[in-house]
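Encoded as structure tokens, the structure appears first; notes follow it.
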Number of protein chains: 2
Amino acid sequence: MPPIISIHKRDMPVVGKGLKHKTMSEAAAAEIRERILDGTYSPEMHLRQDVLAAEFGMSRIPIREALLSLESEGLLNILPHRGAVVVKLSAEEIEELFNMRLLLEPFLFLRSAPHLTSSDFSRLTKTLSEYSAAIREVNVNTWNDLNTEFHMTIYKYACSPRIISTVRNLLAECDRHTRIQLTSITADRKRAVREHRKILKLCKQGRYEEGVQLMKEHIDHIRVALIDLLHVRQEVPDASPGGGSAIELPID
Amino acid sequence: MPPIISIHKRDMPVVGKGLKHKTMSEAAAAEIRERILDGTYSPEMHLRQDVLAAEFGMSRIPIREALLSLESEGLLNILPHRGAVVVKLSAEEIEELFNMRLLLEPFLFLRSAPHLTSSDFSRLTKTLSEYSAAIREVNVNTWNDLNTEFHMTIYKYACSPRIISTVRNLLAECDRHTRIQLTSITADRKRAVREHRKILKLCKQGRYEEGVQLMKEHIDHIRVALIDLLHVRQEVPDASPGGGSAIELPID
DNA sequence: AAATTGATGATTTTATACAATGGAAAGAAT
DNA sequence: ATTCTTTCCATTGTATAAAATCATCAATTT
């Protein structure tokens, strides 16, 4: 018997059309997105079309289209005639993403939560359990998927596909940075799990006003902790006219 | 003397690189965007790459890239292997755009308005005057530019470039539909001007809470009127779980 | 020494050609 | 007559080649 050669997905990416993708550019975008989100391509890294094309075994045209697509998701900046750079967000820009979540997610919550079914709650319970395990094991690769699933399941009945997709994209953009925080600070990890659990409980009990309030606090806690962390690292005083504090949260 | 041949911009579009655009695809995107926004390309219209390429005097590749860019702005849907279709928004989808504006614009307003300068007020006064004239003359081609300028000037100090660009894009998307309303209903036109004028006055007087409240009402009035108009036309009962009413507006 | 100009090469952008896809029409089967 | 299958063709997606842009470096000028 000849030895069996094990091919791991990450060792040798298969980038192409198939069941998952109708076009090569979609497949390339998915792979590049994954690499940005998992940190393989770090902020400010320059992505070369020819290198990616050679690696993925395709021409540069679908790579260009993939990069354009990722630019519209906020993950890349494309500078004309100079190429694509992985976005590095300043503390202020990260904060803005959280501000935007704080503006949009409560709306989705209140429109959707009253319509959640028992099947949804089963799914949320399962997702929460997996999230808790991933947090405990510091398994950073699945945090965002599970966090996104938790939030998106709660919002699924909001009848606001545009806002939902905007939030989904914000979650993806935030994840690169949320990982830093959750990796660094044990207490923040445990609190995230606790808050998810309580949000779910309040939904089950039909206490939506309290649920939405906690959802806001949950998002804000991450915002505050992350900005603190980033400012400690940068030690740059925040002098912008609108900076310093987030939106006016009526925390009763 | 030979007769002077007058070349109008709209009669013979010059689509290309120059001072305005670094790439052909940017130039094409701008021209196509303009045509979508001014109604030349109506909702559900199919845009063919080869036709556009021939008309603009360029190859299909930058056209493809332009179409991708416009898809990310929400103006087009690109169906793999089937081409690009101008987005037609249902009444619910239009309403969602307004809901999103109602969530985001007050935040921008409150962060920015206190920082407006006398120079800003001069500009706003001028813009308002031009807007008023355009409304009076039912000059639909400039309404959105002036409306956008009014809103964007107020928001310029919000230190939230991402939210600002999201709102700018929402304004562009709403415009195709707001025109229907404003063209149809005289009273709505006059009220829009009145509301803009009063918002500006409240800003000058430093009465920001009242200003933001009126801004919300202003946006909501258009939403309500537009949805009424669309429902009268469609005569389809709204049975969606989250439909019927907008966000919970605390109108004191 | 500093500033300006020109040349070069790497990379991106676009043009042209070829391949792939999906819808419509035609033909075959029931 | 209706339904299913096959073929065809228009259009899109991708590959390859050529053109354009920009950053860097060397040479020249001030």
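Order of the sequence lines sets the chain letters (A, B, ...), proteins ahead of strands, with each chain counted from 1.
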Without decimals, in angstroms, what is the distance between F56(B) CZ and dT14(C) P?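 Value for this atom pair: 14 Å.
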Just the rounded figure in Å: distance from C1' of dA15(C) to CD1 of I63(B).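 Roughly 13 Å, once rounded to whole Å.
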If we ignore angles and hydrogens, is there a donor and acceptor under 3.5 Å between the side chains of D145(B) and T148(B)?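 Side chains of D145(B) and T148(B): no pair found under 3.5 Å.
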Name all residues meeting the side chain to side chain donor-acceptor pair (under 3.5 Å) criterion together with S160(A); count only those two or more places apart in sequence or in a different chain, and write none if there are none.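 S160(A) satisfies side chain to side chain donor-acceptor pair (under 3.5 Å) with no other residue.
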Which heavy atom in [X] sits nearest to a heavy atom in [Y], and how many Å separate them?
| X | Y | result |
| --- | --- | --- |
| P80(A) | E26(B) | CG-OE2, 3.6 Å |
| E73(A) | E173(A) | O-OE2, 3.4 Å |
| R162(B) | E96(A) | N-OE2, 2.8 Å |
| S25(B) | A66(B) | O-CB, 3.4 Å |
| P62(B) | M24(B) | CB-CB, 4.1 Å |
| I94(B) | L89(B) | CG1-CB, 3.6 Å |

Just the endpoints, please: which first and last nucleotides of DNA chain D, 5' to 3', lie under 4.0 Å from a heavy atom of chain B?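 Range of nucleotides touched by chain B: dT11(D) to dC22(D).
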Extract from the structure each pairing of a protein N or O with an N or O of nucleotides 10-12 of chain C at less than 3.5 Å, listing the distance.
residue, atom, partner, partner atom, Å
dT11(C), OP1, R48(A), NE, 3.4
dT11(C), OP1, R48(A), NH1, 2.6
dT11(C), OP2, R48(A), NH2, 3.1
dT12(C), OP2, Q49(A), N, 3.4
dT12(C), O3', H81(A), N, 3.4

If the condition is salt bridge (Lys or Arg N to Asp or Glu O under 4.0 Å), which residues does E65(A) pass it with, not counting sequence neighbours?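 Salt bridge (Lys or Arg N to Asp or Glu O under 4.0 Å) list for E65(A), sorted by chain: R64(B).
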With sequence neighbours left out, write down each residue that passes salt bridge (Lys or Arg N to Asp or Glu O under 4.0 Å) with K126(A), or none if nothing qualifies.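 In terms of salt bridge (Lys or Arg N to Asp or Glu O under 4.0 Å), with neighbours along the sequence ignored, K126(A) is linked to E130(A).
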Near DNA chain D, under 4.0 Å by heavy atom, which residues of residues 67-78 of chain A?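 Residues of residues 67-78 of chain A under 4.0 Å from DNA chain D: none.
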